[in-house]
Asks: 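Pasting in a structure now, in structure tokens, and then I'll have a few things to ask.
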Amino acid sequence: MDNREIAAVFEKMADLLEFQGANPFRVRAYRNGSRRLQDLPDSIAVLVEQESDLTKLDGIGKDLAEKIATLVKTGSLPQLEELLAEIPEGVLALMRIPGLGPKKASVIYKELGVETLEQLREACEAEKVRDLKGFGAKTEKTIMDGIALAERAGERVYWATADEIVQRIHEHLQNCKAVEQLAVAGSYRRGRETVGDLDFLVDASDVASVMDHLGEFDDVADVIARGDTKMSVRLDSGMQVDLRVVPTESFGAALQYFTGSKEHNVVLRSMAKDRGLKINEWGVFRVDGDNEEYLAGAQEADVYAALDLPCYPPELRENRGEFDYTSKKDLPKLLELDDLVADLHMHTTATDGKQTIREMVAAAQQRGLKYIAITDHSKRVTMARGLDADRLRTQWDEIDKVNDEVEGILVLKGIECDILEKGGMDLPDDVLAEADWVVASVHYGQNQERQQITDRILGALENRWVSAIAHPTGRLINKRDRYAVDLEAVMQAAKANGKLLELNANPARLDLDDVHCARAKQLGIPIVINSDAHSIHGLDVLRYGVLQARRAGLTAKDVANTRSWKAMSKLIKRG
DNA sequence: GCCGTTTTCGGCCCGACTGTTTTCAGTCG
């Protein structure tokens, strides 16, 4: 069993226990454990084999450690089987309906025998739900709407997609005269690869006019809730937007609070409590009996300063070790978009790109890049009319001409060479040897067994002419799972062979992800952030890669293409 | 179920909003 499978078991345990009405802190312990495993770059199965002490992991105690060992050794968990014998699995889907939590879902199951979403809809249509204790006609309607919603959307969108919506709402709210300060918080601000909803924060005294203004935004489908300080709306796309309106003295505290993450805030508030302080979205307070004295809250940094902590970059606020940094000078200076001076993975009209070499070069130069690599597909990628040796050499002649013509930017002769299904590279070594830069990647045979696909990539890493592995997991967020590759083995081989690993900045890829980039940093493997552009517009995705890198805690030093080509090529063992 | 310099029991972040209630439970973030 791999980490994700074990994490999924714990998540299911948490759902089932919650449904049963178990101690909420026990439920949380399972969720924390699940999350801890997902954030772990090392293979849990390997740790169990080596008889490592799993209780050293934060959030994993004696009990969860034993359950992990059981799962690894037997592939199943008796306690999970017992729970599933008591509760039909379909019932868990009920809890995912907005407005239905464990308590209400449990009542519906026990009183009406409802086990599926279809049965739930029938019960609502028959108006049976409204007669249950604690329910009413409005709740019944909320549930009906929730079912339709769950069927329609419910998926988190790419950060890039969220960003487009954010920009439009931001502009709309800016036009409201009552708005003094405006910020976007939540997972969007933390730069997560996907975003579930949007949190807008406004400093204004005239609350009603701000809420009215949001209600007038073109895409608002309906208003879910509206109170004295908080309003929630749903857009036509299904995206939920929350708005909080707070006074100036609370703006920083609210920004801190709504940026999260939840796990980060739990730790922060607990630390405050130890000091006799209380942190909420209204500010930092000194608690003395029934008295609460306001200490800070206007600026976000003031909230952290009240606990003698540095103001953490939002990307690090996941309770994944950021609290180890106790002063500003300890904080890593995270990578910024301007640090990137090169983009070493892009396509042209020679294969499946939309623009010519010259067009791509001009666009790269406009974006301030100092050097780029043209890396069209190799011949195996027949759908994209991949290049054979002859066509590739013709392209390289063209690149020589371009380099003679343009100034201020260097164009490298590159190739995205496929790693073949049976192993080995799609082009012979003597051709690869003539390239300045070779990214190796898997496009075919993605469903192979772990060992086979891992061996293919290890083979590529042992090829003396390969520079880097592109999109090392092949995942497409929300669309396609990563291949079964053993990434730890890949990283060890990259380290041993002096190769780079790519963080592909395409918003649907973003692999290596934050957890694995952090692991690569630990091992001292330089990351190269590339656009994989298939058009001029495609060059603009680098900023998404930068966000992912920041979440991994990467600095300019950890990223290869922040260096000059001369300095960068020294990082790679090639030839 | 986890955790520990008030440590092996007794805590575990905190508040807004809604609907169904006559003072609060459930849900959400």
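A note on names: the letters A, B, ... follow the listed sequences, proteins ahead of strands, and every chain is numbered from 1.
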Asks: Sticking with atom C1', work out how far B:dT22 lies from B:dC28, rounded to a whole angstrom.
Replies: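 My reading of the C1' atoms in B:dT22 and B:dC28 gives 24 Å.
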Asks: For the C1' atoms, the ones on B:dT20 and on B:dG26, what distance do you get once it is rounded to whole angstrom?
Replies: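 So the two C1' atoms sit 11 Å from each other.
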Asks: Identify whether any heavy atom of A:Leu268 sits under 4.0 Å from a base atom; if not, whether one sits that close to sugar-phosphate; answer base, sugar-phosphate or nothing.
Replies: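 The answer is nothing, as A:Leu268 stays clear of every strand by at least 4.0 Å.
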Asks: How long is the line joining CD of A:Glu292 and C1' of B:dG15, in whole Å?
Replies: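 Atom-to-atom, A:Glu292 to B:dG15, this comes out as 12 Å.
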Asks: If we ignore angles and hydrogens, is there a donor and acceptor under 3.5 Å between the side chains of A:Gln181 and A:Asp203?
Replies: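 A donor-acceptor contact under 3.5 Å links the two side chains.
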Asks: Quick one: A:Glu140 CD to B:dG19 P, roughly how many Å, whole number?
Replies: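 It is 14 Å, rounded to the nearest whole Å.
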Asks: What nucleotide, of B:dC14, B:dA16, B:dT18, holds the atom closest to the side chain of A:Ala225?
Replies: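 Out of B:dC14, B:dA16, B:dT18, the nucleotide with an atom closest to A:Ala225's side chain is B:dT18.
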Asks: Mind checking if A:Asn32 touches a base, just sugar-phosphate, or nothing, with heavy atoms under 4.0 Å?
Replies: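 A:Asn32: no heavy atom of the nucleic acid under 4.0 Å.
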Asks: How many Å lie between CG on A:Leu277 and P on B:dC13, as a whole number?
Replies: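 Distance, rounded to whole Å: 16 Å.
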Asks: Work out how far the P atom of B:dC17 is from that of B:dC12, and round it to whole angstrom.
Replies: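 So the two P atoms sit 25 Å from each other.
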Asks: Among B:dT20, B:dC2, B:dC13, find the nucleotide with the atom closest to the side chain of A:Phe25.
Replies: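 The answer is B:dC13.
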Asks: Nearest-nucleotide wise, let me know which of A:Lys138 and A:Ala29 is further upstream toward the 5' end of DNA chain B.
Replies: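 On the 5' side of the pair lies A:Ala29.
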Asks: Examine A:Tyr312 together with A:Tyr304 and report whether their ring centres are nearer than 6.0 Å.
Replies: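 Judged by ring-centre distance (under 6.0 Å), A:Tyr312 and A:Tyr304 do meet the cut-off.
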Asks: For DNA chain B, list all stems, counting runs of three or more consecutive pairs where every pair is Watson-Crick or G-U wobble with both distances under 3.5 Å.
Replies: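 As far as DNA chain B goes, consecutive pairing (with distances under 3.5 Å) yields the stems B:1-4 with B:9-12, B:14-19 with B:24-29.
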Asks: Within a reach of under 6.0 Å around CD of A:Glu81, are more than 12 heavy atoms found that belong to other residues, nucleotides or ligands?
Replies: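 Result for CD/A:Glu81: enclosed.
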Asks: So, are A:Arg130 and A:Glu140 salt-bridged, with charged N and O less than 4.0 Å apart?
Replies: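 A salt bridge links A:Arg130 with A:Glu140.
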Asks: How close or far is atom P of B:dC3 from atom CE of A:Met271, stated in whole angstroms?
Replies: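 Atom-to-atom, A:Met271 to B:dC3, this comes out as 17 Å.
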Asks: Quick check on B:dT20: is either OP1 or OP2 less than 4.0 Å from any side-chain nitrogen or oxygen of A:Thr139?
Replies: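 Yes, within the criterion.
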Asks: Rounded to whole angstrom, note down the P distance from B:dC3 over to B:dC13.
Replies: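 Their P atoms lie roughly 14 Å apart.
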Asks: Identify each atom pair where a protein N or O and an N or O of nucleotides 24-29 of chain B are less than 3.5 Å apart, giving names and distance.
Replies:
unit_1	atom_1	unit_2	atom_2	d
B:dT27	OP1	A:Gly101	N	2.7
B:dT27	OP1	A:Gly101	O	3.1
B:dT27	OP1	A:Lys104	N	2.8
B:dT27	OP2	A:Lys103	N	3.2
B:dT27	O5'	A:Gly101	N	3.3
B:dC28	OP1	A:Gly99	N	2.6
B:dG29	N2	A:Tyr257	OH	2.3

Asks: If you find the nucleotide of DNA chain B closest to A:Leu57 and the one closest to A:Trp282, which residue's nucleotide is nearer the 5' end?
Replies: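 Nearer the 5' end of the strand: A:Leu57.
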Asks: Classify A:Ala137 by what it touches in the nucleic acid, base, sugar-phosphate, or nothing, heavy-atom distance under 4.0 Å.
Replies: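 Sugar-phosphate: the residue A:Ala137, judged by heavy atoms under 4.0 Å, touches backbone atoms but no base.
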Asks: Starting from C1' on B:dC17, measure out to CE on A:Met211 and report it in whole angstrom.
Replies: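 Nearest whole value for this atom pair: 11 Å.
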Asks: Which part of the nucleic acid does A:Lys133 contact within heavy-atom distance under 4.0 Å: base, sugar-phosphate only, or nothing?
Replies: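 Since no nucleic acid heavy atom lies under 4.0 Å of A:Lys133, the category is nothing.
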Asks: Could you tell me whether the side chain of A:Asp302 reaches within less than 4.5 Å of the side chain of A:Val284, counting heavy atoms only?
Replies: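 Answer no - side chains too far apart.
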Asks: Only one of A:Leu523, A:Val515, A:Leu512 forms a side-chain contact (heavy atoms from CB on, under 4.5 Å) with A:Pro41, so which one is it?
Replies: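 So, applying the side-chain contact (heavy atoms from CB on, under 4.5 Å) to A:Pro41 and each of A:Leu523, A:Val515, A:Leu512, only A:Val515 qualifies.
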Asks: Taking the P atom of each, how far is B:dG19 from B:dG11, in whole Å?
Replies: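 It comes out at 35 Å once rounded to the nearest Å.
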Asks: Given B:dG1, is OP1 or OP2 found less than 4.0 Å from the side-chain N or O atoms of A:Lys67?
Replies: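 Yes, within the criterion.
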Asks: Strictly by modelled atom types, are A:Asp242 and A:Gln240 linked by a side-chain donor-acceptor pair under 3.5 Å?
Replies: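 Checked: A:Asp242/A:Gln240 side chains pair up, N/O donor to acceptor below 3.5 Å.
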Asks: Determine the interatomic distance between C1' on B:dT21 and the same-named atom on B:dT27; round to the nearest Å.
Replies: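 Here B:dT21 and B:dT27 have their C1' atoms 16 Å from each other.
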Asks: Taking NZ, NE, NH1 and NH2 as the nitrogens, is one of them in A:Glu488 or A:Arg519 under 4.0 Å from a carboxylate oxygen of the other?
Replies: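 Salt bridge present between A:Glu488 and A:Arg519.
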Asks: B:dG15 P sits how many Å from A:Leu201 CG, rounded?
Replies: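 Rounded to whole Å, this separation is 17 Å.
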Asks: Whole Å only: how far is the CG atom of A:Asp131 from the C1' atom of B:dT20?
Replies: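 Rounded to whole Å, this separation is 14 Å.
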Asks: Using the C1' atoms only, state how far B:dT8 lies from B:dG1, rounded to an integer number of Å.
Replies: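 The same atom, C1', in both gives a distance of 14 Å.
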Asks: Return the CZ to CD distance between A:Arg26 and A:Glu18, rounded to the nearest 0.5 Å.
Replies: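 A:Arg26 CZ to A:Glu18 CD: 12.5 Å, rounded to 0.5 Å.
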Asks: Strictly below 4.0 Å: does A:Ser232 bring a side-chain N or O up to OP1 or OP2 of B:dA16?
Replies: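 So the side-chain polar atoms of A:Ser232 never come under 4.0 Å of the phosphate oxygens OP1 or OP2 of B:dA16.
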Asks: Report yes or no: do A:His264 and A:Glu318 form a side-chain donor-acceptor pair below 3.5 Å?
Replies: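 No, no side-chain donor-acceptor contact under 3.5 Å.
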Asks: Do A:Gln167 and A:Asp163 have side-chain N/O donor and acceptor atoms under 3.5 Å apart?
Replies: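 Yes, A:Asp163 and A:Gln167 have a side-chain donor paired with an acceptor closer than 3.5 Å.
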Asks: Nearest-Å distance, CZ (A:Arg36) to P (B:dC3)?
Replies: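 Checked: the CZ to P distance equals 10 Å.
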Asks: Could you tell me whether the phosphate oxygens of B:dG15, OP1 or OP2, come under 4.0 Å of any side-chain nitrogen or oxygen in A:Asn280?
Replies: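 Indeed, a polar side-chain atom of A:Asn280 lies that close.
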Asks: Between A:Asp558 and A:Thr555, do the side chains contain an N or O donor and an N or O acceptor separated by less than 3.5 Å?
Replies: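 Distance-only check passes for A:Asp558 and A:Thr555.
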Asks: When rounded to the nearest Å, what value does the distance between P atoms of B:dC2 and B:dT6 take?
Replies: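 These two P atoms come out 23 Å apart once rounded.
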